[in-house]
Amino acid sequence: MIIAIDGPAASGKGTIAKRLAAHYGFRHLDSGLLYRGVGLAVLQTGKLDDPAAAIAAARSYDPARYPEDDLKSDDVAKAASIVAAIPAVREALIALQHDFARSKPGAVIDGRDIGTVIAPHAEVKIFVTATAEERARRRILELRGRGETVDDAAVLADIKARDERDMNRPVAPLRQADDAVLLDTTHLAISPAVQAAIDIVEAVRAGRRPA
Ligand code: C5P
């Protein structure tokens with residue numbers, strides 16, 4: 001079984017995907033880490049403006065080379081969304097995601113194009129969203145929690161810029177698949193949001209229309 005979770009940054013999709021995977025005993029892939037790895041590779045070589053460098057990094061992608069802790073910064077996120085708009089970068093990362101999608105007994109994959117491009121045949125598709133202001137608020141809390149000094153307006157502007165890039169690129173733009181269920185977490189804490197996702201999976205499995 002494949003559960004596809006798509007949505008914008010800080011919508012809660014990563015935590016929901018992780019907890020769904022734990023709940024069902026499925027494997028979890030955060031596909032954003034792949035694009036972040038390529039983004040970090042081009043940042044390290046100073047070639048963010050060179051699509052050939054991004055394509056080469058994607059073609060030789062090795063997850064072991066990019067520990068998750070190195071991929072969390074906003075600079076890497078921004079670089080990820082720039083390289084993610086290059087069709088050959090996306091192409092190079094497809095096989096890995098398709099292999100993962102075949103995991104038994106099931107896979108939960110989160111990203112931007114899982115329900116639309118990577119696994120259009122996924123049994124369950126959930127599109128997780130929240131307003132840009134609420135997503136910025138969460139991100140600000142997270143950064144403050146790490147002791148970082150935060151410019152609130154800059155965080156909101158970064159979130160909006162990334163949404164804009166991810167939704168308006170010609171290839172695999174961020175959008176809700178026609179058969180995805182919308183889960184708006186603007187007014188939901190993480191536990192009720194996870195429960196809502198479990199309810200959606202259960203409804204789909206039982207052949208009911210999710211509420
Ligand atoms: O999900 P995360 O914020 O880690 O993703 C970082 C960036 O990687 C996104 O802003 C997006 O541009 C890109 N991405 C993508 N397709 C995916 C996952 C992430 O284009 N399936």
Side-chain angles (χ1 to χ4, degrees), residues 2-21 27-43 48 51 54-55 57-58 61 63 66-101 107-122 125-130 132 134-136 138-140 142-143 155-177 180 183 185 190 193:
I2 302 172
I3 301 178
I5 313 278
D6 290 302
S11 57
K13 68 178 185 331
T15 306
I16 290 173
K18 207 176 291 170
R19 298 215 194 154
L20 273 182
R27 289 181 72 207
H28 169 230
L29 174 67
D30 171 356
S31 65
L33 293 178
L34 309 178
Y35 297 93
R36 285 173 182 258
V38 176
L40 177 62
V42 295
L43 279 179
L48 186 53
I55 294 165
Y61 187 81
Y66 306 106
E68 216 174 308
D69 280 352
D70 295 353
L71 301 176
K72 288 293 166 196
S73 77
D74 285 348
D75 285 347
V76 171
K78 184 176 172 194
S81 91
I82 292 171
V83 299
I86 302 168
V89 165
R90 306 196 71 83
E91 186 66 40
L93 298 173
I94 282 181
L96 201 152
Q97 296 174 81
H98 281 169
D99 285 349
F100 194 94
V108 182
I109 309 182
D110 71 273
R112 302 291 186 291
D113 65 336
I114 308 305
T116 50
V117 175
I118 299 296
H121 53 293
K125 298 181 187 178
I126 305 178
F127 191 83
V128 184
T129 191
E134 171 58 19
R135 291 184 286 121
R138 293 172 188 169
R139 185 78 187 126
I140 290 162
E142 186 188 329
L143 293 170
V155 171
L156 179 59
D158 274 358
I159 286 220
K160 286 185 170 169
R162 194 137 69 94
D163 285 356
E164 184 72 20
R165 234 187 337 263
D166 290 348
M167 292 190 303
N168 294 313
R169 64 186 176 213
V171 131
L174 169 65
R175 70 169 182 85
Q176 182 178 347
L183 174 54
T185 66
I190 195 64

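Counting starts at 1 for both ligands and their atoms, following the listed order.
For atom 8 (O) of ligand 1, the nearest protein heavy atom (residue, atom name, distance) is Y35 CB, 3.5 Å. Looking from atom 18 (C) of ligand 1 to the surrounding protein, the closest heavy atom is S31 OG, 3.4 Å. If you check which protein heavy atom lies closest to atom 4 (O) of ligand 1, you get R36 NE, 2.5 Å. Atom 3 (O) of ligand 1 has R162 NH1, 2.9 Å as its closest protein atom, hydrogens excluded (heavy atom only).
Near D166, meaning under 4.0 Å from one of its heavy atoms, ligand 1 places the atoms 9 (C), 10 (O), 11 (C), 12 (O). Counting atoms of ligand 1 from 1 in the listed order, those under 4.0 Å from a heavy atom of K13 are 1 (O). For ligand 1 and A84, the ligand atoms under 4.0 Å from any heavy atom of the residue are 12 (O), 13 (C), 20 (O).
Of the heavy atoms in K72, none comes closer than 4.0 Å to ligand 1. For S81, heavy-atom contacts with ligand 1 shorter than 4.0 Å involve the backbone as well as the side chain. Under 4.0 angstrom from ligand 1, there are no non-hydrogen atoms of R165.
Using modelled atom types and a 3.5 Å distance limit, the side chains of R162 and S81 yield no donor-acceptor pair.
Remark: side-chain polar atoms of R90 are not paired, donor with acceptor, to backbone N or O of A85 under 3.5 angstrom. With hydrogens and angles disregarded, no donor-acceptor distance shorter than 3.5 Å links the side chain of D70 to the backbone of Y66. Between the side chain of E68 and the main chain of K72, no donor-acceptor pair closer than 3.5 Å is present.
Of the polar atoms of D30, none of the N or O atoms is found under 3.5 Å from an N or O of ligand 1, judged by distance alone. An N or O contact shorter than 3.5 Å links R112 to ligand 1 by distance.
Separation of atoms NZ (K125) and CD1 (I2) is listed at 10.0 Å; rounding is to 0.5 Å.
With sequence neighbours excluded, no residue forms a side chain to side chain donor-acceptor pair (under 3.5 Å) with D69.
At least one heavy atom of R90 sits less than 4.0 Å from an atom of ligand 1.
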Show, in sequence, the C-alpha distance, side-chain angles and deciding distance for D6 and R175, and conclude whether the salt bridge (Lys or Arg N to Asp or Glu O under 4.0 Å) test is met. CA-CA 8 Å; D6 290 302; R175 70 169 182 85; over 6 Å; no
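Counting only non-hydrogen atoms, the option in G32, A85, A10 that gets closest to atom 19 (C) of ligand 1 is G32.
For CD of E91, the number of neighbouring non-hydrogen atoms (other residues, nucleotides, ligands) closer than 6.0 Å is 12 at most.
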For residues 92-100, which side-chain donor-acceptor pairs fall under 3.5 Å, sequence neighbours excluded?
{"unit_1": "Q97", "atom_1": "NE2", "unit_2": "L93", "atom_2": "O", "d": "2.9"}
{"unit_1": "H98", "atom_1": "NE2", "unit_2": "I118", "atom_2": "O", "d": "3.2"}
{"unit_1": "D99", "atom_1": "OD1", "unit_2": "R102", "atom_2": "NH2", "d": "2.7"}

